[in-house]
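Read through the structure below, which is laid out as structure tokens, and then see the notes.
As the structure lists them, so they are numbered: ligands from 1, and atoms in each ligand from 1. Here the structure is a predicted model, which means the values were calculated and not measured.
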Amino acid sequence: ALPDRCDFTVFGGTGDLALRKLLPALYHRDLEGQLPADHRILGVSMSDLDDAGWRSAVRAALVEHVDPTDLYDGAVDRFLARLFHLRLDANEPGDWDRFHSLLKDRPHPEEAVRVFYLAVAPALFGAFCRRLDEIGVVDDRARVVLEKPIGHDLESAREVNDAVGQVFAEHQIFRIDHYLGKESVQNLLVTRFANTFLEPLWNSHWVDHVQITVAETVGVGGRGAYYDHAGALRDMVQNHLLQLLCLVAMEPPTYVGRETVRDEKVKVLQALRPMSPADVDTDTVRGRYEAGLVDGEPVPSYADDLGHAGSRTETFVALKTEVQNWRWAGVPFYLRTGKRMDRRVSEIVVVFKEPPHSMFPGAEGVTAPNRLHILVQPDEGMRLHLTAKEPGPGGYRLRPVSLDLSYATAFDARLPDAYERLLMDVMKGNPTLFMRRDEVEAAWTWTEPILRRWASSSERPKRYPAGTTGPTAAATLLERDGRTWQETD
Ligand code: BG6
């Protein structure tokens, strides 16, 4: 289906997210002919730009962020012609009136669905929604898109959700977790539920444990002001990693519908083992990067990136949790994420149990348990580690081998960026891949005891040199259970 004809407003239209992600994503969809003819994109920001000024900033952003083979003059010009910019000071009622006029200033304004993408500081979500309501531009069909973080703990998340909820009904609210738009993440549901061979094994009888890793090589760069108040637990675990965990652990819904998948995910969040202060001490590891070498280049420490020492914020987290339900009881889920790691890789590894009996003498120590690696990025695909017989007449010599599926090779197609799928869903009014209020709040409910314990503890995050796999305590977290982190080769 084509998306609704929209007036798609980006508040924060000159910001990093808009220029790096949102506008290139909309351009790609326009290139594919998926934006209706009179679909407008309105940029609202504090910048003193006219339409032409914003268009040239967006043109430069497309040149920087879109593959040159996808940039055609005609297509770029057609896309830029959809763009209009308004300078808005949120405290100036006159500016909001001008925004109102801009929305009205089109043929058949009542027919366009209004989308308000709030790529602004989350503290402004409530106030912006109130303003939109006051100027009378929110009707039943309007939609609002919220970037994370939704709050910094349960209470503040509830406040944001309440404030937004006073203006928009839940079905009009699209809370983005861009991990849900990644091709390999969407494929997780298909792998699990459109095939038969995995599902019978996908439980505590056959799975030894699950690992979820989201490692980045970037540091906090210019985002220190935000990041230092967030830290890796709020920035990555509370949302992206828990969402991945939900997709791995959830029960099959009857069909993929607006609420069915989210109903199942929220049950997983509610089944996560609550962390007592003692659990936090034993089952979580915080780290912070020091100066080091990433890809052979020297990079500064977190303190130097911030410009001051004394911060207690973590840039790395590893933890162990469990989904306390019939399917997963007793199966540890190990999660880790960090900045300035040795490489950029996101993956889920399901490690299966050893065969119940070894009938090949001498195979001990040579073979490894079966593992399914779900490669989220950078090379999307799957790898299944098996044991095979080495060819030759000399008896059974067993060796590990792998079955590899690379999406790029299997489909010979460009893999769209997560935002392309998610923005199309917003424009079609499909919230399946967005976080519902109860999901966000359940994720905070589980995260909060960790934050509280860390805040009250005198211990500081453990140091790790940039360009490594994190503090050694992260390795110990698994080693004490007789396991190791599985690094993809
Ligand atoms: C964002 C975080 O949500 O995700 C960033 O705020 C992080 O800190 C980013 O770098 C990672 O996204 P991706 O798609 O590059 O893995």
Requested in this report: Could you tell me which residues satisfy salt bridge (Lys or Arg N to Asp or Glu O under 4.0 Å) with E439, sequence neighbours excluded, listed by chain and number?
Outcome: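 Listed in chain order: K265.
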
**Report entry** With E448 via salt bridge (Lys or Arg N to Asp or Glu O under 4.0 Å) - residues at least two apart
**Finding:**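 Testing E448 for salt bridge (Lys or Arg N to Asp or Glu O under 4.0 Å), a comparison that skips the adjacent residues, returns R452.
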
Query raised in the report: Would you say the side-chain atoms of W54 and S47 include a donor-acceptor pair closer than 3.5 Å?
Result: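 Result is no, nothing qualifies.
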
Review item, side-chain donor-acceptor pairs of residues 332-339, under 3.5 Å, at least two apart:
residue, atom, partner, partner atom, Å
Y334, OH, D481, OD2, 2.5
Y334, OH, R483, NH1, 2.9
R336, NE, T213, OG1, 2.9
R336, NH1, E487, OE2, 3.3
R336, NH2, T213, OG1, 3.3
R336, NH2, E487, OE1, 3.2
R336, NH2, E487, OE2, 3.4
T337, OG1, V214, O, 2.7
K339, NZ, E216, OE1, 2.7

Requested in this report: Before accepting this row, confirm whether a basic side-chain N of the pair R20/D417 lies closer than 4.0 Å to the acidic partner's carboxylate O.
Outcome: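 Result for this pair is no, no salt bridge flagged.
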
**Report entry** Distance flag, aromatic centroids of H152 and H229, threshold under 6.0 Å
**Finding:**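 Aromatic pair excluded; centres sit 6.0 Å or further apart.
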
Requested in this report: Could you please provide the protein residues found below 4.0 Å of ligand 1 on a heavy-atom basis, arranged by chain and number?
Outcome: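 Shell around ligand 1 (4.0 Å, heavy atoms): K148, H178, Y179, K182, E216, R223, D235, M236, H240, K339, R344, Q377.
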
